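Structure record follows, encoded as structure tokens.
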Amino acid sequence: MHSNPNYAYVRGQVVPLDQAFLHISDLAIQRGYGVFDYFRVHNGRPVFLDDYLMRLQESAKALHMEVPLSDEELKEVILDIISKNDIPVSGIKMILTGGYSANGYDPAEPSLVILQQPMALPSSELVEKGIKIITHDYVREVPRAKTINYTMGIRLIDEIRQQGAHDVLYERNGVVTEFPRCNLFIVKHDDTVITPAENVLLGVTRKNVLALADQKYKAVEGEVTVEDIYQAKEVFLTSTTKRILPIVQVNDQVIGSGKPGAVTLDLLQALIKLEEAYFSLAV
Ligand SMILES: Cc1ncc(COP(=O)(O)O)c(C=O)c1O
């Protein structure tokens, strides 16, 4: 465990974690009304921060909320928390909720919370082995917003475990979208790299991987069906906490050779290089 006291920002103040509370009238508690974003901190520096700040603004707008701090002010608070906490490899969550509602329903002045937690990327063993996933019929309510509602994903944790899987991919009428916390990519036999276009969160990792794939292969945002996945040469997921994780089985269907594919692993190396390049440029 980390020995230093951990600090968080809650409604205008940076306070020790044991004093970091929201009132029970907050709409996050009362109605699950809120959005958030999450980025990695590596050696004390935020990774691709501007992308996440922009997405927080987009999510807030989709729920008719306003982020109470400007991006510059947010950055100041973030750097303050990073320097106070000293957790070199970690993630920072910025949560914006509907605020302290007088009647438990009408939104009030939003509550902004910022907290830092240790995090670990997937082990190299997991990346070398790849994972099994299952599918489930669901579409998130406001797909372009990163809302705090993960009810379906959390309800499915037992089912995922029972099936010996690592995650669940949402699909409706055979068209797939995303995972509770990750985006999906497939690689076709002609090395075209495709990710679902509709009803997904626009992942920051998804954006970076699309750009990297476009440099070497053909990268497309379009419709992907469960059948496309079964027929794919390679399948993988992307997210801030997972980077790129190969998928070698979907339901009962083994994908390709049943091992992580060359394009997937190539893109993972390219993504790691992109992060390194970001650090060498970031001030
Ligand atoms: C619903 C959903 N889709 C996709 C992602 C992946 O996005 P990112 O690469 O920005 O982490 C997330 C991230 O948590 C998510 O919540």
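Counting from 1, the numbers follow the sequence of the chain as shown. We count ligands from 1, going down the list as the structure has it; atoms in each ligand are counted the same way. Note that this is a predicted model, so its numbers are computed, not measured.
- Within the 4.0 Å heavy-atom shell around ligand 1 one does not find Lys207.
- Residue Tyr100 is not grouped with residue Val35 when hydrophobic side chains (ILVMFWY) are merged at heavy-atom distances under 4.5 angstrom, including chains of intermediate members.
- At the top of the distance list for atom 1 (C) of ligand 1, counting protein heavy atoms only, stands Pro180 O, 3.1 Å.
- At most 12 heavy atoms of other shown residues, nucleotides or ligands fall within 6.0 angstrom of atom CG in Asp252.
- Environment of OH in Tyr150: crowded, with over 12 heavy atoms of neighbouring residues, nucleotides or ligands closer than 6.0 Å.
- Exactly one of Asp71, Asp37, Asp50 qualifies for a salt bridge (charged side-chain N to carboxylate O under 4.0 Å, His left out) with Arg55. That residue is Asp37.
- In terms of N/O distances under 3.5 Å, ligand 1 is approached by Thr205.
- Neither the backbone nor the side chain of Phe39 has a heavy atom within less than 4.0 Å of ligand 1.
- For Thr240, a nitrogen or oxygen atom sits less than 3.5 Å from a nitrogen or oxygen atom of ligand 1, counting backbone and side chain alike.
- Chaining together hydrophobic side chains whose heavy atoms lie under 4.5 Å apart places Leu156 alongside Ile134, Tyr138, Met152, Ile160, Val168, Tyr170.
- Within 6.0 Å of the CD atom in Gln253, the count of heavy atoms belonging to other residues, nucleotides or ligands exceeds 12.
- Within 6.0 Å of CG on Asn173 lie no more than 12 heavy atoms contributed by other residues, nucleotides or ligands.
- At the top of the distance list for atom 7 (O) of ligand 1, counting protein heavy atoms only, stands Gly203 CA, 3.4 Å.
- Close N/O approach between Arg55 and ligand 1 is found [any backbone or side-chain N/O within under 3.5 Å].
- Proximity to Val204 (heavy-atom distance under 4.0 Å) selects the following atoms of ligand 1: 8 (P), 9 (O), 10 (O).
- By the 3.5 Å distance cut-off applied to N or O atoms, Tyr150 is counted among the residues near ligand 1.
- Contact atoms of ligand 1 toward Lys146: 12 (C), 13 (C), 14 (O), 15 (C), 16 (O) (distance under 4.0 Å to a heavy atom of the residue).
- By the 6.0 Å contact criterion, CZ on Arg155 is open, its count of non-hydrogen atoms from other residues, nucleotides or ligands being 12 or less.
- Where the criterion is an N or O separation shorter than 3.5 Å, residue side chain and backbone included, Glu178 meets it with respect to ligand 1.
- Here the heavy atom of the protein found nearest to atom 5 (C) of ligand 1 is Arg181 O, 3.3 Å.
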